[in-house]
*Asks:* 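Below is a structure I'd like to ask you about.
Keep in mind that what you see is a predicted model, and the values were worked out from it rather than measured. Numbering of ligands and ligand atoms starts at 1, following listing order.
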Amino acid sequence: MGRTNAGKSTLVNRLVGEKVSIVSPVEQTTRNTVRGIVSDPRGQLVLLDTPGLHKAVGTLGKLLNRMARRSAAGTDITCVVFDAAQEPQLEDIGWMQRIAKEKPEKVVFVLNKADRAPFFETMYREAWDAAKAESKSEVKGEQRNVENSAVRLETPTSPVWVKCIATTEGGAKAVMDALFDFAEEGEPLFDDDIVTDYPRKLAIADTIREKYLAKMHQEVPHEMGILVKKIRESNSPVWEVDVEVLVNRVSQKPIVIGKGAETVKYVRKCAERELSDVFGVKVALEIWVRVEPNWMKNERLLAEMGYLGELV
Ligand SMILES: Nc1nc2c(ncn2[C@@H]2O[C@H](COP(=O)(O)OP(=O)(O)OP(=O)(O)O)[C@@H](O)[C@H]2O)c(=O)[nH]1
Ligand SMILES: [Mg+2]
């Protein structure tokens, strides 16, 4: 978990060795919890990529924050990704405070973007010290056993701090080692040739959204919802996929389509190429843009996009 744009999805893809989660330079890229599965001679790791925490605006924002928080519960290892090329921000400190308070046993703090300068490692460590101190004084206020809680707050092995460059081959090796060090023995949960169990319809919708995020550096993509209505694979070597792009306002429709349908054609071409690669069959997308005011508040549509049901 971690703040939006910290590089969580990039890291998950790097660890898995294949793209299982979409990535973009803009905030709020990931909208669902995506599982990435690492099968290594050392064993199997099941990674949960979550939507980045952010200041919630509207129903969807709140849902995404809730999903991020819930995914954190019930995991064996808590891995927080920080964009250490930037100073710690409210959301980073929020995760630290939560960890200081809830004291999960195994924590990995990833200082990502170590290829960048300046790199704010010291500030993150200081922020953690402050979060611990704050939590201790709260405990004192509640008159609990300070000694015990101090011991559990930081053991010699947790949190582990690792530097990472998620964008480069080998740049996340230390993260992988830290995760395997913490992992406990158990039966593998997935076959070793599976890299994700993310539903196909959602994966296709995400790929289309990623192409829009890359093409449109405006607010519009955040107000877009992508629905994969149907995948027709009957008797043909081509998958024909019906897609609806939902926008909030009438004025957004021409932007999503583009002049002479340029934008939608570009997105379709890039997405078709990538999806054909991923699925090993030719994929043909039929994209319809529909104005659906307040789709972000429509539970049926949100459920269809997977934003209501946690996969965890
Ligand atoms: N320079 C540099 N850039 C990185 C690194 N890791 C990720 N990025 C870039 O950071 C941006 C955000 O990456 P994502 O993986 O989409 O971030 P995220 O944390 O999943 O973001 P949300 O899904 O919005 O929560 C992308 O442009 C990545 O290419 C890194 O180690 N170094
Ligand atoms: Mg992401």
*Asks:* Indicate yes or no: does Glu184 engage Lys106 in a salt bridge with an N to O separation below 4.0 Å.
*Replies:* yes
*Asks:* Check the pair Ile165 / Lys113 against side-chain contact (heavy atoms from CB on, under 4.5 Å), numbers first and verdict last.
*Replies:* CA-CA 5 Å; Ile165 308 174; Lys113 309 200 184 179; over 6 Å; no
*Asks:* Side chain or backbone of Ser24 under 4.0 Å from ligand 1, or both, or neither, by non-hydrogen atoms?
*Replies:* backbone
*Asks:* Measure the distance from atom 13 (O) of ligand 1 to every protein heavy atom, then report the residue, atom name and distance (to 0.1 Å) of the closest one.
*Replies:* Thr10 OG1, 3.4 Å
*Asks:* Could Lys269 and Glu274 be called an ion pair, given the rule that one side-chain N must be under 4.0 Å from one carboxylate O?
*Replies:* no
*Asks:* In ligand 1, which numbered atoms sit nearer than 4.0 Å to a non-hydrogen atom of Gln28?
*Replies:* 24 (O)
*Asks:* Looking at atom 29 (O) of ligand 1, what's its closest protein heavy atom, distance included?
*Replies:* Thr167 CG2, 3.9 Å
*Asks:* Any atoms of ligand 1 less than 4.0 Å from a non-hydrogen atom of Pro25? List them with their elements.
*Replies:* 27 (O)
*Asks:* Is Asp181 salt-bridged to Arg42, going by a charged N under 4.0 Å from an acidic O?
*Replies:* no
*Asks:* Show which atoms of ligand 1 fall inside a sub-4.0 Å distance from at least one heavy-atom site of Gly52.
*Replies:* 25 (O)
*Asks:* Quick check: does any side chain N or O of Ser135 sit under 3.5 Å from a backbone N or O of Ala100, one acting as donor and the other as acceptor?
*Replies:* yes
*Asks:* Using the Mg ion (ligand 2) as the vertex, how large is the angle between OG1 of Thr30 and OG of Ser9, rounded to 10 degrees?
*Replies:* 90°
*Asks:* Which bit of Val23 gets closer than 4.0 Å to ligand 1, counting heavy atoms only: side chain, backbone, both or neither?
*Replies:* both
*Asks:* Which bit of Asn112 gets closer than 4.0 Å to ligand 1, counting heavy atoms only: side chain, backbone, both or neither?
*Replies:* side chain
*Asks:* Examine Tyr124 together with Phe109 and report whether their ring centres are nearer than 6.0 Å.
*Replies:* no
*Asks:* Looking only at protein heavy atoms, which one is nearest to atom 1 (N) of ligand 1, and how far off is it?
*Replies:* Asp115 OD2, 2.9 Å
*Asks:* Do side-chain atoms of Trp295 reach the backbone of Glu223 as a donor and acceptor pair under 3.5 angstrom?
*Replies:* yes
*Asks:* Within the distance-only criterion (no hydrogens, no angle test), does the side chain of Glu272 pair as donor or acceptor with the backbone N or O of Leu285 below 3.5 angstrom?
*Replies:* yes
*Asks:* Just which atoms of ligand 1 are under 4.0 Å from any heavy atom in Ile165?
*Replies:* 31 (O)
*Asks:* If you measure from each non-hydrogen atom of Lys113 to ligand 1, which part falls under 4.0 Å: side chain, backbone, both or neither?
*Replies:* both
